Asker: 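Have a look at this one.
What you see is a predicted model, and the numbers here were worked out from it, not measured in a lab. Position 1 is the first residue of the sequence, and the numbers go up from there.
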Amino acid sequence: MTDTTELDGVVDCLPLVHHTVRPEWIDYNGHMSEAFYVLVFGYATDAMMIETGLHAGYRERTGCSLYTVEAHLRYLKDVPEGARLAVRTRVLGADAKKVRFAHELFVVADPHPTEGVEGTESVKGIEDPSPATLPTEAEPVATTELLAVHVDQQAGRAAPFPEAVRARLVSLTEDAPAWAGRSIVQVPTPRS
């Protein structure tokens with residue numbers, strides 16, 4: 001498990017997180033239900049937290065955690081039962097108390113073999129983190145962009161990240177993909 005005091009030597013990108021679409025994730029339309037996209041993206045957020053030092057030990061020791069305060073999700077293609085999923089996470093910006101990041105969900109032909117990322121065995125739902133490589137032709141089937149705040153749970157308010165965590169988030173920051181920063185399309189209100 002990555003500790004906030006031992007971040008040297010950590011890879012420069014976050015690993016992919018893999019899942020397989022379960023039968024109970026399928027809705028009445030025959031494809032993955034919208035709630036389970038959020039679940040899979042939530043597991044990817046958990047993996048990002050582990051990789052940046054905000055793991056369970058940190059949360060228990062400090063009483064601080066990461067709270068999602070805004071999200072925008074795009075469903076791009078149907079995902080069938082049994083599909084093998086990979087989630088790529090990108091940090092888009094970080095400051096003293098906030099982090100903006102994005103997850104991209106892909107259907108992949110086969111899992112990337114891995115020994116796993118240390119610490120993920122304690123995160124329910126993370127099957128198989130692996131290096132952040134995808135086939136060059138891979139297109140996301142869903143995306144989400146999130147804003148999260150580092151919160152002192154006892155005080156009930158935002159608190160600065162430890163410097164090592166903030167530095168790790170900043171080191172992972174990359175340019176936003178073209179789809180990031182969009183809002184929901186306006187639909188005209190009918191006039192009577």
Asker: Are the side chain of D27 and the backbone of N29 linked by a donor-acceptor contact shorter than 3.5 Å?
Answerer: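 Side chain of D27 to backbone of N29, a donor-acceptor pair under 3.5 Å: yes, one is there.
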Asker: Kindly write out the residues that satisfy salt bridge (charged side-chain N to carboxylate O under 4.0 Å, His left out) with R90, not counting sequence neighbours, or none if the list is empty.
Answerer: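 By the salt bridge (charged side-chain N to carboxylate O under 4.0 Å, His left out) rule, R90 matches E104, E174.
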Asker: Heavy-atom count around Q154 CD within 6.0 Å, excluding the residue itself: above 12?
Answerer: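 Counting neighbours around CD of Q154, 12 or fewer heavy atoms of other residues, nucleotides or ligands fall under 6.0 Å, so no.
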Asker: Begin with the C-alpha distance, continue with both residues' side-chain angles, and end with the deciding distance and a verdict on side-chain contact (heavy atoms from CB on, under 4.5 Å) for W25 and L39.
Answerer: CA-CA 10 Å; W25 293 3; L39 178 73; 3.9 Å; yes
Asker: Does a side-chain heavy-atom distance below 4.5 Å link T68 with L147?
Answerer: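 They are not in contact (no side-chain heavy atoms under 4.5 Å apart), so the answer is no.
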Asker: Are side-chain heavy atoms of Y58 and S65 found at a separation under 4.5 Å?
Answerer: no
Asker: Is the backbone of M49 close enough, under 3.5 Å, to the side chain of D46 for a donor and an acceptor to pair up by distance?
Answerer: no
Asker: When rounded to the nearest 0.5 angstrom, what is the spacing between CD in E24 and OG in S33?
Answerer: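 One finds 11.5 Å between CD of E24 and OG of S33.
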Asker: Under a 4.5 Å cut-off applied to non-hydrogen side-chain atoms, are F101 and T45 in contact?
Answerer: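 F101 reaches T45 side chain to side chain.
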Asker: Testing the basics here: between E51 and L14, what is the closest heavy-atom pair and its distance to 0.1 Å?
Answerer: CB-CD2, 3.5 Å
Asker: Please examine the side chains of M48 and V91, heavy atoms only from C-beta on, and report whether any two atoms are closer than 4.5 Å.
Answerer: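 Sidechains of M48 and V91: in contact.
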Asker: Is atom CD of E70 surrounded by more than 12 heavy atoms (other residues, nucleotides or ligands) closer than 6.0 Å?
Answerer: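 No, not enclosed.
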Asker: Run F41 and L73 through side-chain contact (heavy atoms from CB on, under 4.5 Å) and show every step you take.
Answerer: CA-CA 10 Å; F41 286 140; L73 194 125; 3.5 Å; yes
Asker: Between T144 and H103, is the side chain to side chain donor-acceptor pair (under 3.5 Å) condition met? List the steps.
Answerer: CA-CA 5 Å; T144 189; H103 299 303; over 6 Å; no
Asker: Among M32, K77, R88, which one satisfies side chain to side chain contact (heavy atoms under 4.5 Å, CB included) with L105?
Answerer: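 Of the listed residues M32, K77, R88, the side chain to side chain contact (heavy atoms under 4.5 Å, CB included) partner of L105 is M32.
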Asker: Check each of L66, V149, V69 against K98 using the side chain to side chain contact (heavy atoms under 4.5 Å, CB included) test, and report the only one that passes.
Answerer: V149
Asker: Minimum heavy-atom separation for A158 and K97, please, with both atom names.
Answerer: CB-CD, 3.9 Å
Asker: Between H150 (side chain) and P160 (backbone), is there a donor-acceptor pair under 3.5 Å?
Answerer: yes
Asker: Can a donor-acceptor pair be found, under 3.5 Å and without considering hydrogens, that links the side chain of H19 to the backbone of R84?
Answerer: no
Asker: Would you please name every residue forming a ring pair (Phe, Tyr, Trp, His ring centres under 6.0 Å) with Y75, sequence neighbours left out?
Answerer: Y37
Asker: Can you find a heavy atom in the side chain of T143 that is under 4.5 Å from one in the side chain of L76?
Answerer: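 Touching, per the 4.5 Å side-chain cut-off.
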Asker: Identify the heavy atoms of A155 and D152 that sit nearest to each other, and give their distance.
Answerer: N-OD1, 3.0 Å
Asker: Kindly work out whether a path of hydrophobic side-chain contacts (I/L/V/M/F/W/Y, heavy atoms less than 4.5 Å apart) joins W179 to V141.
Answerer: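 They do not share one cluster, since no chain of ILVMFWY contacts under 4.5 Å joins W179 to V141.
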Asker: Check step by step if side-chain contact (heavy atoms from CB on, under 4.5 Å) holds for T20 and L85.
Answerer: CA-CA 6 Å; T20 301; L85 306 174; over 6 Å; no
Asker: Hydrophobic clustering (ILVMFWY, side-chain heavy atoms < 4.5 Å, transitive) - are V170 and L172 grouped together?
Answerer: no
Asker: Is Y67 close to Q153 at the side-chain level, that is, under 4.5 Å between some pair of heavy atoms?
Answerer: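 Contact flag for Q153/Y67 side chains = yes.
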Asker: Per the side chain to side chain donor-acceptor pair (under 3.5 Å) rule, which among H72, R182, R74, R100 passes with E145?
Answerer: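 With E145 as partner, side chain to side chain donor-acceptor pair (under 3.5 Å) holds for just one option, R100.
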Asker: I'd like to check P177 versus L92 (side-chain heavy atoms, cut-off strictly below 4.5 Å). Are they in contact?
Answerer: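 They are in side-chain contact.
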Asker: Spell out, as yes or no, whether a donor-acceptor pair under 3.5 Å connects the side chain of T62 to the backbone of C64.
Answerer: yes
Asker: Considering non-hydrogen atoms only, spot the tightest contact between A94 and T173 and give its length.
Answerer: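 Smallest heavy-atom distance, with atoms named: N-OG1, 4.4 Å.
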Asker: Give me the atom names and distance for the closest heavy-atom approach of V87 to A44.
Answerer: CG1-CB, 3.5 Å
Asker: Which residues pass the side chain to side chain contact (heavy atoms under 4.5 Å, CB included) test with I26, sequence neighbours left out?
Answerer: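 Applying side chain to side chain contact (heavy atoms under 4.5 Å, CB included) to I26 gives V21, E81.
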